[in-house]
Amino acid sequence: MSNRLTPLEIMTKLISFPTVSRDTNLPLVEWVEGYLDSHGIKSHRWPDPDQPHKAALFAHVGPWEEGAVVLSGHTDVVPVDGQPWDTDPFVVTEKDGKYFGRGTCDMKGFDALAIWALVEAQYADVKRPLQLALSFDEEIGCTGAPPMIVAMQDVLPKGSAVVVGEPSMMQAVTGHKGGIGFDTHIVGFEVHSSIMHTGVNAIMEAAPLIDWANDQNAQNMAAEPSDIAAIFDPPWTTCHVGMIQGGTAHNITAKDCRFMMDFRMVPGEAASQWESAYLQEVRKAEERMQKVHPEARIEISQNFAVPALVPEQDGEAEALVRSLTGDNATHVVSYGTEAGQFQEAGYSAVICGPGDIAQAHQPNEFITIAQFNEGQKFMERLLEKLAG
Ligand SMILES: [Zn+2]
């Protein structure tokens, strides 16, 4: 297996592993490990102790010293269930100047380019090290990267500039919002609706909490955005309820109501501040409920938390990507990525990858051949730079 594969051959291989977030990614990790090993690159696996069917993988090439450029991608993809695909989603199919397949855009196309670049770096005389970091569980709330980042720092000399290759049309994206989400389970007390004052209706107790979110949105929208918030769309923190279920029948006070509330914060607003504001409302509602029935309660669990990517002053990763792409415009996005987690761990981080986020998660997901080739050019220029 010691022949050097092209980026397309590597992407084709990666996409053949159906690494939907709920399923294993180990066959993919094993293949990458073997491929790197066949080129004399030792990689390190971080097996998730809570999920034995998943692992992250990272590797280092070049001088054994700090300051590497880190190419970071996730190995998981979103499901294809119920989506009308015209081709097999786990086979790369070329048509009309595009490569179709689940993950071509988000983000096995970039992963393939990063693996390719690492192998090329191994054969070039790079003066500055290059690292590869492949995570899992990105699509279910960026929960796989933080322990991987800790493990990397234990095993490898610390890198300095991280390029997270989420699809950005090869533009330098220097900021994104942070996010935090909660599952709220309201446990009421069931009675016949004709005597509803003796029961606790979980649905009707959910309503004021959801309305609180509406009020926050209205206030945030009306407020003057900070300078840093002003570059986002929208330039304020959003509170969103995307799912709700509850109740049994029209004439029973609802015993249960569950909903999911997400906050997407502009940089400068802490997750903890929104969490405590929300929990304060929850405690007020619970007190009200328990006056009617002591066992009524509200259970809250956090389902994800992703720190914001804050645009850096003279950021090293940003400067690197700008020098490689020639892109000098300001770009920020409102979705979360692993870039904020690298930044929180003390790395300079930027998002830059081939493909358009509009194609991510879609049926018939694709990356244009032109974008994929742009990605390869980016890696070639990076390799020249690393060679000094
Ligand atoms: Zn992604």
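Order of listing sets the numbers, starting from 1, for every ligand and every atom in it.
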- Item | Ring geometry between H39 and Y35 (parallel below 30°, tilted from 30 to 60°, perpendicular above 60°) | perpendicular
- Query: Would you call R381-E384 a salt bridge at under 4.0 Å N-O?
  - Reply: no
- Member of E166, H74, H176 meeting the side chain to side chain donor-acceptor pair (under 3.5 Å) criterion with T337: H176
- Message: Taking the cut-offs as 6.0 angstrom to the six-membered ring centre and 45 degrees off its axis, would you call K54 and F136 a cation-pi pair?
- Response: no
- Message: At a cut-off of 2.8 Å, what protein N/O/S atoms sit near the Zn ion (ligand 1)?
- Response: H74 NE2, D106 OD1, E166 OE1, E166 OE2
- Task: Flag the pair Y278 / W274 as yes when their ring centroid distance falls below 6.0 Å, and as no otherwise.
- Result: no
- Query: Salt bridge between R102 and E365, side-chain N to carboxylate O under 4.0 Å?
  - Reply: yes
